[in-house]
Amino acid sequence: MVSDGDRQELTRERGQVLATRRREYDEDDVRVRPGKSSRPRTRTRPQHADAVGGFVIAVDRGRYTCVLSGAERGVVGADLPTVTAMRARELGRKSVVVGDRVSLVGDTSGAEGALARIVRIAERRSVLRRTADDDETTAEGRLERVVVANADQLVIVSALADPPPRTGFIDRCLVAAYDADVEPLLCLTKADLAGPEEVLGYYTELELPYVLNRPDSDLDALRALLSGKVSVMVGHSGVGKSTLVNRLVPDALRAVGVVSAIGRGRHTSTSAVALRLPPVPGVDTDPGWIIDTPGIRSFGLAHVSADSLLHGFPDLVEGTVDCPPNCPHTADEADCGLDAWVAAGKADPRRLASYRRLLASRAGDGDARGDSDQRGPGEGDRRGPDE
Ligand SMILES: Nc1nc2c(ncn2[C@@H]2O[C@H](COP(=O)(O)OP(=O)(O)OP(=O)(O)O)[C@@H](O)[C@H]2O)c(=O)[nH]1
Ligand SMILES: [Mg+2]
């Protein structure tokens with residue numbers, strides 16, 4: 001027999017469990033599949049058998065610009081026929097982001113003023129997320145943003161000067177890439193202003209693929225690396241993402257900023273846009289997509305578990321085999337194997353320092369904003385100039 005008191009207790013407990021769950025998961029984690037016979041389909045819940053496939057290339061105030069599946073074939077540059085769509089109510093709270101593959105119904109003609117409806121979002125191959133802030137103790141700190149869906153490659157764009165490279169930021173991007181199962185590619189721009197030796201030296205043990213770019217450099221190597229993939233560019237404001245996209249994609253017409261105006265809260269690009277890459281001559285495969293994104297100040301990683309952080313540092317992973325069980329790998333853990341690993345020259349000590357700074361920022365006892373660094377050295381930046 002369950003007394004009323006017990007029942008209330010149970011209900012309260014269940015309420016608490018639900019409340020906890022609601023905080024830990026977002027709507028994308030929930031898969032609700034109604035039982036076979038529980039809800040017969042009626043005319044008010046059509047199956048949308050006539051839906052057509054689309055790829056979301058831009059999102060702007062509740063309007064989604066989509067390219068119909070197949071429409072992109074044979075079309076070069078930014079001049080793709082597009083369909084504007086809104087979300088159907090049945091999607092619930094599930095967000096639609098650039099890179100999503102969706103099912104569309106309604107007016108998919110793409111004619112002026114035509115509006116289609118997104119009724120389904122296909123399962124995502126990858127989800128690149130960042131947290132607004134690393135501070136897990138505030139609501140804003142836990143706010144997670146999906147950068148893009150279905151990316152195959154994360155192009156980490158860093159200028160070699162103006163603004164200076166920040167390896168702390170690049171390290172964070174690498175963690176996000178490995179966590180999301182997206183291939184990283186380091187793209188160093190403004191090679192006409194400074195040499196890449198210092199940045200490349202820092203990543204020697206990583207065998208990180210990279211390309212160097214100057215205003216006049218030929219883009220063949222980059223084109224070959226982008227071919228057949230959905231690649232998303234991330235980087236600080238002013239590093240030259242849109243400049244590069246304009247060179248890669250004829251007619252892209254992405255606005256390009258002036259660096260002196262950047263860093264005062266001004267970002268030239270304001271939303272993510274996917275652009276179709278032109279075919280590589282002599283290569284028959286799908287040319288792929290490049291996604292230009294607005295500059296970001298930091299790449300918050302509060303959503304990445306402490307264990308997964310280490311995967312962003314493959315040069316350190318092997319150094320943890322001699323660690324005691326449940327070693328936190330922090331500097332105050334005397335037996336952590338990473339100190340000996342670095343002392344033996346197996347990895348760069350700056351990489352270990354960077355990893356430990358990330359651990360500390362997650363634990364809340366470091367600089368919670370991590371590498372939110374449009375600040376130059378001397379402007380209150382507690383860290384070295386290369387973060
Ligand atoms: N010297 C030099 N300047 C460059 C290079 N690439 C871009 N720039 C300049 O850098 C400035 C910023 O370029 P953008 O392409 O707007 O930078 P962004 O990364 O798109 O910036 P946001 O949209 O704000 O994130 C522009 O003045 C470009 O002309 C380069 O390789 N060398
Ligand atoms: Mg831009």
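Both counts, for ligands and for their atoms, begin at 1 and track the order of listing. All residue numbers in this chain count up from 1 along the given sequence. Hydrogens, waters and symmetry mates are skipped; everything else that's a heavy atom, side chains included, is used.
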Hey, does [X] come in under 3.5 Å of ligand 1, counting only N/O atoms on both sides?
X	answer
Ser242	yes
Thr243	yes
Gly240	yes

Return a table of donor-acceptor pairs under 3.5 angstrom between the side chains of residues 316-333 and protein atoms on other chains or two or more places apart.
residue : atom : partner : partner atom : Å
Thr320  : OG1  : Val317  : O            : 2.6
Thr330  : OG1  : Asp332  : OD1          : 2.7

Which segment of [X] sits under 4.0 Å of ligand 1 when only heavy atoms are counted:
X	result
Pro294	backbone
Leu193	side chain
Val157	neither

Report summary line: Checking heavy-atom distances from atom 24 (O) of ligand 1 to each of Gly238, Ser237, Pro215, Gly295, the winner is Ser237
Query - Identity of the nearest option to atom 3 (N) of ligand 1, non-hydrogen atoms only, from His236, Arg214, Lys190 - result: Lys190
Requested in this report: Before giving the answer on salt bridge (charged side-chain N to carboxylate O under 4.0 Å, His left out), spell out for Asp152 and Arg125 the whole-Å C-alpha distance, their side-chain angles and the decisive distance to 0.1 Å.
Outcome: CA-CA 8 Å; Asp152 301 303; Arg125 193 204 76 68; 3.1 Å; yes
Report task. Step through the shown structure and confirm whether more than 12 heavy atoms of other residues, nucleotides or ligands are within 6.0 Å of OH on Tyr355. Result -> yes
Query raised in the report: Of all the atoms in ligand 1, which lie at a distance below 4.0 Å from a heavy atom belonging to Asp192?
Result: 1 (N), 2 (C), 30 (C), 31 (O), 32 (N)
Requested in this report: Keeping the roles fixed (side chain from Lys241, backbone from Pro294), state whether a donor-acceptor pair exists under 3.5 Å.
Outcome: no
Query raised in the report: Can you tell me if Thr243 has an N, O or S atom under 2.8 Å away from the Mg ion (ligand 2)?
Result: no
Can you tell whether the side chains of [X] and [Y] come within less than 4.0 Å, N to carboxylate O?
X	Y	answer
Asp171	Arg350	no
Asp315	Arg351	yes
Arg247	Asp216	no

**Report entry** ligand 1 contacted by Gly235 (non-hydrogen, < 4.0 Å)
**Finding:** no
Requested in this report: Could you list the residues that satisfy side chain to side chain contact (heavy atoms under 4.5 Å, CB included) with Asp179, not counting sequence neighbours?
Outcome: His303, Val304, Ser308
